[in-house]
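A quick write-up on the structure given underneath.
Model, not experiment: these values are computed from the prediction.
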Amino acid sequence: PAAASPVPKDLSQETSKPPPLDRAAARATYPWLDDPGALEPVDRLRDRFPPPPGLRRRDAADGTFAAYLRDLPLAAAGTPVRSFAGATILAGDHPNLAAVVAIDVGDGDLQQCADSIIRLHAEWLFTAGRDAQSYKSASGLAMPFRRYLAGDRLVYQDKALTWEKKKGPQARTHALLRAYLRGVFAWANTASLAQEAAKVERDDLRAGDFFVLGGFPGHAVLVLDVAEADDGRRALLLGQGYLPAQSFHVLRPGPGQSPWFVVDPAAGGIKTPFWETFPWSSIRRLDRDDAR
């Protein structure tokens, strides 16, 4: 299908200096900023990328996944995308790179595209004081954080993934969440994420939803923000991890273009760099009723 027309670049918006970041407040909301490998944050997604002219950001209540993503702390402009091993994947001036999120990628080849979406979703729930994180493995096994808190651990035996009691109840810490997610990343993938998450209609699309084509490999991109107009026009900010595991980054359609991707109902889906067109039928959502 044809790709949606990109929003022309608005230099007056994107080159204006964002307000300084409240680093203490950012660390309270995004505890991963203190983890090894996290980048120094300089501003927020919402401040660096105002909506295109004539559009406004879709409402997002405080505490929602949409609000969490909208305030994501970004590394300095010109920061390259690096692999988990430190290799440069995309130069800081790559035409399809709009920004790098200040989140770390871990020390192994685990946090890839689907895993990056799971990571941000799990971190949001943790910050919100909720332990509802649960994601399915490729074999269909539920992997809830509450079981990890209870001392259960994932084990692979007799050619099957299962849970086994290994410890007593664990203290709820961010370090424990990271250890839990390492296991999730090892066993979840785009196929399991596509199957587990709820299908979403194009007209109901909101920040926190994602496009996913399951496969080996498949790919997934996360909707970080939505802007809209009274006449129904909409545009999206999109972010992705990829393989090998690498910095989670905000995409740009092409050189000299705004990072906002236009939703064109006449097209069969949305075209992103580095992958085929995602059809509208590939939109998914992890939260069914409480992420608004």
Hey, is the main chain of A267 close enough, under 3.5 Å, to the side chain of W280 for a donor-acceptor pair? yes
Got a salt bridge between D225 and R57, using NZ or NE/NH1/NH2 to carboxylate O under 4.0 Å? yes
Scan the side chains in residues 210-220 for donor-acceptor partners under 3.5 Å anywhere in the protein, sequence neighbours excluded, and list what turns up.
{"residue": "H219", "atom": "NE2", "partner": "Q240", "partner atom": "OE1", "Å": "2.8"}

What I'd like to find out is whether the side chain of H174 reaches to under 4.5 Å of the side chain of D34, using heavy atoms alone. no
Under 6.0 Å from the six-membered ring centre of F126 and within 45° of its axis: does the NZ or CZ of R172 meet both? yes
Side-chain (D158) to main-chain (A160) donor-acceptor, under 3.5 angstrom: no
Lys/Arg N to Asp/Glu carboxylate O, D107 vs R182, below 4.0 Å: yes
Do R119 and D104 meet the salt-bridge criterion of a basic N to acidic O distance under 4.0 Å? yes
Would you mind reporting whether V101 and Y30 have side-chain heavy atoms less than 4.5 Å apart? no
Same apolar cluster: I89 and F274, side chain cutoff 4.5 Å: yes
Does the pair D204/K199 count as a salt bridge with the N-to-O cut at 4.0 Å? no
Check ion pair E196-R284 (N to O, under 4.0 angstrom): no
Please give the remaining members of the hydrophobic cluster of F84, linking ILVMFWY side chains under 4.5 Å, ordered by chain and number. V105
Determine whether a donor-acceptor pair (N or O, by modelled atom type, separation under 3.5 Å) exists between the side chain of T173 and the backbone of L176. yes
If you measure from the Lys or Arg side-chain nitrogens to the Asp or Glu carboxylate oxygens, is any gap between R202 and D209 under 4.0 Å? no
